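Heads up, the thing below is written out as structure tokens.
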Amino acid sequence: MTQPQMRERTWVQDVKPKVGERVRLKGWVHTVRELGKLVFVLLRDRTGTVQCKIKGQKEIAKQLEEEAAVELVGTVVEDPRAPDGVEVDVEEIRILAKPVEPPPIQINRPLDVIGMRLETILNHRALSLRHPEIGSALKVRSEFIWAFREYLRSQGFLEVQTPKIVAAGTEGGTALFAVQYFERTAYLAQSPQFYKQMLVGAGYERVFEVGPVYRAEEHNTTRHLNEYISLDYEMGFIDDFREITRVETELLRFMFEHVERTCPRELEIYKAELPKVPKEIPHVRLDEAISVLREKYHKHCEGDLDPEGEKLLCEYAKERWGTEFVFVTHYPREHRPMYAMPNEEDPSLTNSFDLLYKGLEITTGGQRIHDYHMLVESIRSRGLDPQDFEFYLEIFKYGMPPHGGLAIGAERLTAQLLNLPNVRQASFFPRDRTRLVP
RNA sequence: GGGGGUGUAGUGUAGCGGCCUAACACGCUGCCCUGUCAAGGCAGAGAUCGCGGGUUCAAAUCCCGUCAUCCCCGCCA
């Protein structure tokens, strides 16, 4: 007897309400527990795991190795002895692909039980992402990115894509990866900075981009990647830089609430607490931050905050304002790129900011120079040649509005929320000083 | 670019001059088990201790070099 609905696959998460029905499940063998003629298989698909029971099919059951891809047909039955009170009584088993050899890492045990070096996890990345704990971090990152898009679209921002192969070292500062571009040398973009500004000037006014950026820095730390996903936006006709931080505040609130809604399981796995994004995230001037650190923590920082200073400042913000977030503003000009807008009252400072979250910088942004002559002068004052920036400068000649924007590091944001000890854990296939594969 | 740490079965660790013929846990193989759920019981396989050199009667263990890797600082998201 054929039942037409049986051709359809049932997701593991939808099994529970189907008591009494026959279902067709597909997924991976998470665990196998043999008890003589009774075999329990925990089947895992992208939605979760469910217990399946196999009786008297010992020969076939023996082929069910862990991590085999399988298809099972059976009847959903209620049983108080089963986890979650429901299991699947298996009638048909199809092995779709059996493992060639035992996997080098165990997918079915908690990480704190089995232990695993990050190196091992990354060496076997596609496999390690199967591990529910490991893969969850990337689910959260994906939802962050989705929410970033959704919120900005709702505010009239247009999603754009800018070139990743560029002609010149755009911002200076960080080192660039050179690539062979036919007969010329080109570079991988360290940021969409110039192009997103140009698109504001192009009349779109508000643009955002989700894309990779490349930094050829030889840093080897838990918070740096040589390729990461930058969440950028840039907006025109602003009154002052506070308009940018206001948008980010609302954006972050939306993003965190979205993750809270869509990732309860993942947040539970990491015991991550959703931060409350305050109505107004405190703004602290850099010079004030430095004095606070000196007076309250006897911590000496010069010119900028070092990683320890960032942590202490966040402790201070938590204590004083009860928030994990703090904007650090008014960085000196010499510490900011040539396009950073000088402050009206003190031109040695800029209308720029960083956002710290739980002790780590997750955003840099600011108001940009929109006046053509001022920008040319700023370029010159850095010992650079405006001619090299003609492609960028042109639109500034024709009515460039006051504007500004920022960038959020997607991996850092994710790592901070989930308390990951290393940003690499928030990247599908991280690129670092030594890792180019997988 | 500067500094520190670590390399021992597939995985995670212990051992840090002789008792190491290298141990433990998980995984793997075989057998037993009809309620397992970090299953249990019995039996077994699997490591020239990253690599090269040196010291020593004796090296996984000490020294030098090398490679790999992790972390910190600078810089940054």
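Quick note on labels: first sequence line is chain A, next is B, and so on, each numbered from 1. Just so we're clear, the structure is a prediction, and the values are computed from it rather than from any experiment. Only this structure's heavy atoms are used, side chains among them; waters, hydrogens and symmetry mates stay out.
A/E268 has no carboxylate O lying under 4.0 Å from a charged side-chain N of A/R265, or vice versa, which leaves the two without a salt bridge. Checked for salt-bridge contact, A/R153 and A/E159 miss the test: no charged N lies under 4.0 Å from a carboxylate O.
With both pairing distances under 3.5 Å, B/G74 is matched to nothing as a Watson-Crick or G-U wobble pair. Across all strands shown, the partner of B/G7 is B/C67, judged by Watson-Crick or G-U wobble contacts whose two distances both fall under 3.5 Å. B/U34 is unpaired under the criterion used here, namely a Watson-Crick or G-U wobble arrangement in which both key atom distances are under 3.5 Å. As the counterpart of B/G12, B/C24 is assigned, both hydrogen-bonding distances of the Watson-Crick or G-U wobble pattern falling under 3.5 Å. With a 3.5 Å ceiling on both atom-pair distances, the Watson-Crick or G-U wobble partner of B/C62 is B/G54.
Geometric assessment of A/R336 against the ring of A/Y331 yields a positive cation-pi assignment under the 6.0 Å and 45° thresholds.
Remark: C1' of B/U6 and CZ of A/R117 are 8 Å apart, rounded to the nearest angstrom. As a whole-Å value, the separation of A/I114 CD1 from B/C28 P is 11 Å. As rounded to whole Å, 11 Å separates atom P of B/G12 from atom CD1 of A/I134. Distance, A/E119 CD to B/G10 C1': 14 Å, rounded to whole Å. Across the protein-nucleic acid pair, A/I229 atom CD1 and B/C76 atom P stand 21 Å apart, rounded to whole Å. Distance A/L35 CG to B/C42 P: 16 Å, rounded to the nearest Å. Between the P atom of B/C76 and the NE2 atom of A/H224 lies a distance of 9 Å, rounded to the nearest Å. Put simply, CD1 on A/I107 is 13 Å from P on B/G12, counting in whole angstrom units.
Comparing A/D432 and A/E87 against RNA chain B, the residue whose closest nucleotide sits nearer the 5' end is A/E87. Along RNA chain B, the nucleotide closest to A/T120 and the one closest to A/E66 are compared, and the more 5′ of them pairs with A/T120.
Comparing the same atom, P, in B/A59 and in B/G4 gives a spacing of 30 Å after rounding to whole Å. Nucleotides B/U6 and B/G15, compared at atom P, are 13 Å apart to the nearest Å. With both ends at atom P, the span from B/U8 to B/G52 equals 16 Å, rounded to whole Å. Separation of the P atoms belonging to B/U21 and B/A58 is 15 Å when rounded to the nearest angstrom. Remark: the separation of the P atoms in B/G27 and B/U11 is 15 Å, to the nearest Å. Rounded to the nearest Å, the gap between the C1' atom of B/G18 and that of B/A60 is 13 Å. Nucleotides B/A25 and B/A43 place their P atoms 13 Å apart, quoted to the nearest Å. B/C62 and B/G7 have their P atoms separated by 10 Å, with the value rounded to a whole Å.
The residue A/A82 sits close to a base: some heavy atom pair falls under 4.0 Å. Within 4.0 Å (heavy atoms only), A/E411 reaches no atom of the nucleic acid at all.
Judged by distance alone, with hydrogens and angles left aside, A/R424 brings no side-chain donor or acceptor close enough to the base of B/C70 to form a pair under 3.5 Å. Interface remark: the A/Q51 side chain does form a donor-acceptor pair with the B/U36 base, using a distance-only criterion of under 3.5 Å.
In this structure, a donor-acceptor pair under 3.5 Å is present between the side chains of A/N108 and A/E66. A/S128 and A/H131 form no side-chain donor-acceptor contact under 3.5 Å, judged by distance and modelled atom types alone.
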Derivation and outcome, salt bridge (Lys or Arg N to Asp or Glu O under 4.0 Å), residues A/K358 and A/E324: CA-CA 5 Å; A/K358 287 208 270 192; A/E324 328 246 34; 5.3 Å; no
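Considering only side-chain atoms of A/N220, the nucleotide from B/C70, B/G35, B/A77 that sits closest is B/C70. Closest to the side chain of A/F40, out of B/C75, B/C71, B/U36, is B/U36. With distances taken from any side-chain atom of A/N422 to the nucleotides B/C26, B/U11, B/C70, the minimum falls on B/C70. Listed nucleotides B/A77, B/C33, B/C75 differ in distance to A/L225; the shortest reach to its side chain belongs to B/A77. Ranking B/A77, B/U69, B/G1 by closeness to the A/T434 side chain, first place goes to B/U69. In the set B/A77, B/C31, B/U36, the nucleotide with an atom closest to the side chain of A/R33 is B/U36. You'll find that the side chain of A/R109 is closest to B/G27, out of B/G35, B/C70, B/G27.
For A/T221 and B/C71, the shortest distance from a side-chain N or O to OP1 or OP2 is not below 4.0 Å. OP1 or OP2 of B/C31 has at least one side-chain nitrogen or oxygen of A/K62 nearer than 4.0 Å.
The stretch residues 286-298 of chain A participates, sequence neighbours left out, in these side chain to side chain donor-acceptor pair (under 3.5 Å) pairs: A/R285-A/D287, A/K296-A/E319.
Taking each heavy atom of A/Q106 and A/I114 in turn, the nearest pair found is OE1-CD1, 3.1 Å.
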